[in-house]
Amino acid sequence: MSYSTSTTPDRWSLESWFSDFGSADYTEFKSQLVLDVETLKTQAGALGKDWAEIVQVINALESLADRLGHLSAYLGCLSADDANNEAVKADEAWISTLEAESTKLQASLRSALAALSDVEFATMLSDASLSNAEHAVKRMRYEGQHQMKSEMEALAADLNVNGLHAWGRLYDTLTGKIEFEMTFPDGHKEVVPMSRRRALMSEPDRKLREAAFHDGQKPWNDHAVTLAAGLNGIAGTRLSLYGSRGIPHFLDTPLFDGAMSRKSLDAMMEAIQTHIELPRRALRKAAKIQGTPALHYFDLEAPQIAAPEEKPLSWDEACATVDKAFSAAYPKLGSYFREMLAQSWIEAQPRAGKRPGAFCTGSQLKHEERVYMTFHSTVHDMVTLAHEVGHAWHSCVLRPARSFAANYPMTLAETASNFGEMILLSGLMNDPGITEATKAYLLDQEMLRAHAYLINIPMRYEFEKSFYTERANGEVSVSRLRELMTEAQRKLYGDTLLDDGTDPMFWAYKMHFFITGVSFYNFPYVFGYLLSQALFARFKAEGAAFLPRYEAFLSMTGSSTCEEVVKQTLGEDLTNPEFWATALKAMEPSLLAYEALP
């Protein structure tokens, strides 16, 4: 593929999904979806022990889920593309209600599956129409064995809209409006939206970071009681539902969602604790570069080596660099990336009204992927592009699978994205045309990622685990939340933080703790990071011969547990701490190079 000298980033096309928002095909699709949800909900509610009828509902649900997912992804794309579009927001609210109705019919189906005897269930699974759907159907039955009666689950779904999820909406609304007065290092004062605070704490200027941190703490302390009520409300609702569903431990549900076992989680965390000095060494080097005996919390996301002052990276240059790295190491990935560009499946233009962040989404109905980001002509943006295309490639590999076998858990979602990112970074580090200054910057960025995945996110897990343990006995006060957060930070960071360098209010402003759709939005990221390290280490050792096994790994992610996928494709045991230790030690060559920097 040839690249022009244009610096204008790509604009995506969504016309193959719907001709336009509000068009006739869009409106007809919505109307039919409503009818089909109601029809299937009635059918699911009337299910008995006739397994042939259950099979019909299962297959109808798969088709329905494809269409719901297609429309949801489309609206998500439009909403990110233009955050001020009120009509799109209205349809997003509408589809959330429709998804709640779908949840009710799924509860009825799960109850019917749970009511079957083992013999009846085994007979049902032998039906040819359920081929390659066994894993998904077994999971539905397991959920059915751990849920309330269908009418109670339906009530819980309705109450969650105005209860559990209302706490999340309150958090989003409240924090989205928070501002604070900040005194900048030059003495001028400015009212700053809280959404800008994190960016300010990533600035190279330490005085700027310090001012943003301390001035920005006041609103979190002012709203601490409200935020603690929200956190207690979210956790309390979950714990009550777990009890009514016969789920013995608060980790059981997130582990089920992640398709992994408690033994694997404990083995991973044990390996991190055993080898915690590796990522801590990176933080000590960062402090040395900074010229301080240790770091403060406001130093943790800031680069210690600034990006070299080179000419801005054009979009076409970034695409050519990603293409070169992908094609040299993994030709099929390079070809797929060029296809994404040719089909206009990437949105990267910097425009007013776009939401921040980056994501990959797709439609199993159309078998197409889309990548969303905003390109600001930096190396970091180029790495983000490689990361998101890695996600898209994962979905592409799964296209031949039926939908029930193509929905992979969050634990396995980050492996392909990190793999794509590492291919690019490896290519850059070995490119003779890259300056030493750029290589030093990339090393610093790699150590920032290692710190996030191996110290900061495990710290969040330790906090949340302690919080849920105490919440089971009653509400947890603001002062105790601060103590639990400080204890978790000291446990993971050790002496790499200054004596006054912790952030007791991190629980209040880390949005992940307030996500109501999923709990423990932390350890799956660590899992994905370390597993991708293990995969890439194999790739470096075996070269192109490893890639068919890598694709076999990706193709299994929606149809097996994490343990089974890794056992069958890598021959490794996730419940063995040594596997995780080996993956963690893969950072050592980069760490040594980082420590050797002047």
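Positions are given from 1, in the same order as the sequence printed here.
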One pair to check against side-chain hydrogen bond (donor to acceptor under 3.5 Å, both in side chains): D36 and Q32. What are the steps and the verdict?
CA-CA 6 Å; D36 291 348; Q32 188 62 51; 2.9 Å; yes
Run E421 and S417 through side-chain hydrogen bond (donor to acceptor under 3.5 Å, both in side chains) and show every step you take.
CA-CA 6 Å; E421 189 174 322; S417 55; over 6 Å; no
Go through the steps to decide whether E92 and K89 satisfy the test salt bridge (Lys or Arg N to Asp or Glu O under 4.0 Å), and finish with yes or no.
CA-CA 5 Å; E92 279 193 304; K89 286 182 179 178; over 6 Å; no
List the steps and the verdict of side-chain contact (heavy atoms from CB on, under 4.5 Å) for M124 and V137.
CA-CA 10 Å; M124 187 199 76; V137 177; 3.7 Å; yes
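Aromatic ring centres of W17 and Y26 lie farther apart than the 6.0 Å criterion allows. Aromatic rings from H214 and F180 are positioned such that their centres are separated by 6.0 Å or more.
Taking the six-membered ring for Trp and thresholds of 30 and 60 degrees, F298 and H296 have nearly parallel ring planes, at less than 30 degrees apart. By the 30° and 60° cut-offs, the orientation of the rings of H512 relative to Y525 is parallel. The aromatic rings of F250 and Y468 lie tilted to each other, with the angle between the two planes from 30° to 60°.
For R245, the salt bridge (charged side-chain N to carboxylate O under 4.0 Å, His left out) partners are E153, not counting sequence neighbours. Taking D81 as the reference, R11, W12, E347, R351, K354 meet the side-chain contact (heavy atoms from CB on, under 4.5 Å) condition, with sequence neighbours excluded. For D118, the salt bridge (charged side-chain N to carboxylate O under 4.0 Å, His left out) criterion is met by R141, not counting sequence neighbours. Under the salt bridge (charged side-chain N to carboxylate O under 4.0 Å, His left out) criterion, E62 pairs with R402, not counting sequence neighbours.
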Pairs under 3.5 angstrom only: tabulate donor-acceptor contacts from the side chains of residues 454-464 to other protein residues two or more places apart or in another chain.
residue	atom	partner	partner atom	Å
N456	OD1	R460	NE	2.8
N456	OD1	R460	NH2	2.8
N456	ND2	Y297	OH	3.0
N456	ND2	Y493	OH	2.8
E462	OE1	K491	NZ	3.3
E464	OE1	N522	ND2	2.8

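Distance check: D503 CG to R482 CZ gives 10.5 Å after rounding to the nearest 0.5 Å. Note that OG1 of T561 is 9.5 Å distant from CZ of R139, once rounded to the nearest 0.5 Å. Annotation: the span from L530 atom CG to N418 atom CG amounts to 9.5 Å, rounded to 0.5 Å. Once rounded to the nearest 0.5 Å, the distance linking CG of D20 with CZ of F18 reads 11.5 Å. Rounding to the nearest 0.5 Å places OG1 of T411 at 9.5 Å from CG of D257. Atom CG of D252 is separated from atom CZ of R262 by 8.0 Å, given to the nearest 0.5 angstrom.
Side chains of R197 and F213 form a contact here, defined as non-hydrogen atoms less than 4.5 Å apart. Two residues are said to be in side-chain contact when any heavy atoms from C-beta on lie closer than 4.5 Å; H387 and E414 meet this criterion. Contact check for L113 versus I58: side-chain heavy atoms found under the 4.5 Å cut-off. At least one side-chain heavy atom of R480 sits less than 4.5 Å from a side-chain heavy atom of E483. For the pair L125/K138, a side-chain contact is recorded, criterion being any heavy-atom separation below 4.5 Å from C-beta on. The closest side-chain heavy-atom distance from I272 to I276 is below 4.5 Å. By the 4.5 Å heavy-atom criterion applied to side chains, F527 and L574 are counted as neighbours. Put simply, the side chain of C562 reaches to within 4.5 Å of the side chain of L412, judged on heavy atoms.
Contacts classified as ring-ring contact (aromatic ring centres under 6.0 Å, His included) and involving residues 153-174 (residues at least two apart or in different chains) are given here: Y171-F514.
Between R471 and G236, the shortest heavy-atom distance links the atoms NH2-CA, 3.6 Å.
Annotation: K263, atom NZ; neighbour count of heavy atoms from other residues, nucleotides and ligands within 6.0 Å does not exceed 12. Heavy-atom contacts from other residues, nucleotides or ligands closer than 6.0 Å to CD of E38 number more than 12.
R490 and T502 share no side-chain donor-acceptor pair at under 3.5 Å. Counting only N and O atoms by type, the side chains of S395 and E369 include no donor and acceptor under 3.5 Å apart. Using modelled atom types, one finds no donor on one side chain facing an acceptor on the other under 3.5 Å when comparing S466 with E470.
Between the side chain of E388 and the backbone N or O of M373, no donor-acceptor pair lies under 3.5 Å.
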